[in-house]
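Written out below as structure tokens is the structure these notes cover.
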Number of protein chains: 2
Amino acid sequence: MKISHRGEYALKCLMALSFNYGKGVVQLRSISEKEGIPYKFLEQIMIALKQGGLVKSQKGKLGGYQLSRSPEEISLGEVIRLIDGPLAPLGNESELKKLVKERGRHSGLYAVLLDVRNACSAILDKQSLRDICVKTIELQEKGTEAYMYFI
Amino acid sequence: MKISHRGEYALKCLMALSFNYGKGVVQLRSISEKEGIPYKFLEQIMIALKQGGLVKSQKGKLGGYQLSRSPEEISLGEVIRLIDGPLAPLGNESELKKLVKERGRHSGLYAVLLDVRNACSAILDKQSLRDICVKTIELQEKGTEAYMYFI
DNA sequence: TTATATCATACAAATCCTATAGGAATTATA
DNA sequence: TATAATTCCTATAGGATTTGTATGATATAA
Ligand code: FES
Ligand code: FES
């Protein structure tokens, strides 16, 4: 698995929406500027996130985006799969399983790669956007409020 | 991390050399045909593996390649790093560590990505080429000898 | 001398990624 | 109603990366 710029932008943007969950919509312009993400590029990413059911939008003036579920119901794994594909170093879970079962000349190799994909999934499917918020806040120095986004 | 065709070819080729360790050199033509790897592409990959110190070559007629260390002294991690770069979903270990320590707006996110890279490294740096040989043989049906390469 | 292999570089083709552009549709507000 | 601000949608350019081919040089066993 590899996280592209596109994927990193998506994650950062969703973190911004997580910090603002329950406070209405946030506009892309604001996120784009704060995170240094090219505006028109971000627009495309958000369309994908919307089609994937992670965010919902409000059109028109004063429109914007918000999470469509609470941050604790969205895992990192779900985001990364949506934007950058399977969480495996090669192929995907079922493909790797098949290669192992075929018992070919490299089944041992694929078995280890399947272990890797399972280890990655175990972490990324467990960590929710909310967990990341908490972790980030914990990592801040006491007294700093760098994690505050748009309030 | 993502394993490219190039990386997969390298791993398969090194497995062939592992199964033949101690029996002299193996020629690329043979590996290329058996594994379905484009011959001239494989040549390039082998040069990289040689420069990385994983294999040594014998030139001229009856030449070929062999592992420069025993299969148990070469880890999957070392191979993948050499061909496809760092074992992290984003950047590399020291870069991720730095991003976490900076305590920026996304330190929590990078902390989890560092966990992922650590999980991947833990597996791939531990598994040696010999381990893969053993695993592959174990996965074969009794009586089959599909793992036998060039004997 | 010949056949066969590695070594090295250059380059072509295809694919993927990043980013930009232009405009349509929608909505709040003056 | 007019205007401004925003999401929505598609096309496409440019660049980077990956994959593979071509050509020839060099080394060595027979
Ligand atoms: S980071 Fe690629 S599968 Fe784990
Ligand atoms: S497979 Fe990409 S870092 Fe684990």
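Numbers restart at 1 for each chain; the letters A, B, ... are given by sequence-line order, proteins then strands.
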query: Atom OH of A:Tyr9 and atom P of C:dT18: how far apart are they, to the nearest Å?
result: 8 Å

- prompt: Atom NZ of A:Lys40 and atom P of D:dT7: how far apart are they, to the nearest Å?
  reply: 10 Å

- prompt: Can you tell which of C:dC7, D:dT7, D:dT19 lies closest to the side chain of B:His5?
  reply: D:dT19

query: Under a 4.0 Å heavy-atom cut-off, which of residues 54-62 of chain B touch DNA chain D?
result: B:Lys59, B:Gly60, B:Lys61, B:Leu62

task: Indicate the ring-plane relationship of B:His5 and B:Tyr9, choosing parallel, tilted or perpendicular according to the 30° and 60° boundaries.
output: tilted

field: B:Arg117 side chain to B:Leu87 backbone, donor-acceptor under 3.5 Å
entry: no

query: Hey, what do you get for CD1 (A:Ile83) to CD (A:Glu78), rounding to the nearest 0.5 Å?
result: 11.0 Å

- request: Tell me yes or no: between the side chains of A:Asn118 and A:Ser121, is some donor less than 3.5 Å from an acceptor?
  value: no

message: Using whole Å, what does the distance between atom P of nucleotide C:dT4 and atom CD of B:Glu33 come to?
response: 13 Å

message: Between P on C:dT6 and CZ on B:Arg29, what's the gap in Å once rounded to a whole number?
response: 9 Å

query: Is the distance from OP1 or OP2 of D:dT17 to the nearest side-chain N or O of B:Ser4 less than 4.0 Å?
result: no

message: With hydrogens left out and only the distance checked, is there a donor-acceptor pair under 3.5 Å joining B:Glu43's side chain and the base of D:dT21?
response: no

Whole-Å gap separating P (D:dT18) and CD1 (B:Ile83): 12 Å

field: Over-ring placement of A:Arg6 relative to A:Phe41, 6.0 Å and 45° cut-offs
entry: no

- request: Walk me through it: do B:Arg81 and B:Asp125 pass the test salt bridge (charged side-chain N to carboxylate O under 4.0 Å, His left out)?
  value: CA-CA 10 Å; B:Arg81 280 200 191 84; B:Asp125 285 335; 2.9 Å; yes

field: Angle of first-five versus last-five pair axes in the helix from C:dT1-D:dA30 to C:dA30-D:dT1, to 10 degrees
entry: 0°

Separation of atom CG in B:Leu49 from atom C1' in C:dT6, rounded to whole Å: 14 Å

query: Given D:dT6, C:dA5, C:dT18, which nucleotide is nearest the side-chain atoms of B:Gln27?
result: C:dA5

message: Among C:dG23, C:dC7, C:dA8, which nucleotide has an atom closest to any side-chain atom of B:Lys50?
response: C:dC7

- prompt: Should B:Glu35 and A:Arg105 be marked as a salt bridge (charged side-chain N to carboxylate O under 4.0 Å, His left out) after you check the CA-CA gap, both sets of side-chain angles, and the distance that decides it?
  reply: CA-CA 9 Å; B:Glu35 297 290 351; A:Arg105 214 152 45 221; 3.4 Å; yes

task: Measure the distance from OH on A:Tyr39 to P on C:dG23 and round it to the nearest whole Å.
output: 16 Å

query: Does A:Lys98 come within less than 4.0 Å of A:Glu95, counting only side-chain N to carboxylate O?
result: no

- prompt: Quick one: CD on B:Glu72 to CD on B:Gln127, what's the gap to the nearest 0.5 Å?
  reply: 13.5 Å

- request: Grab the CG-C1' distance between A:Leu42 and C:dT20 for me, whole Å please.
  value: 14 Å

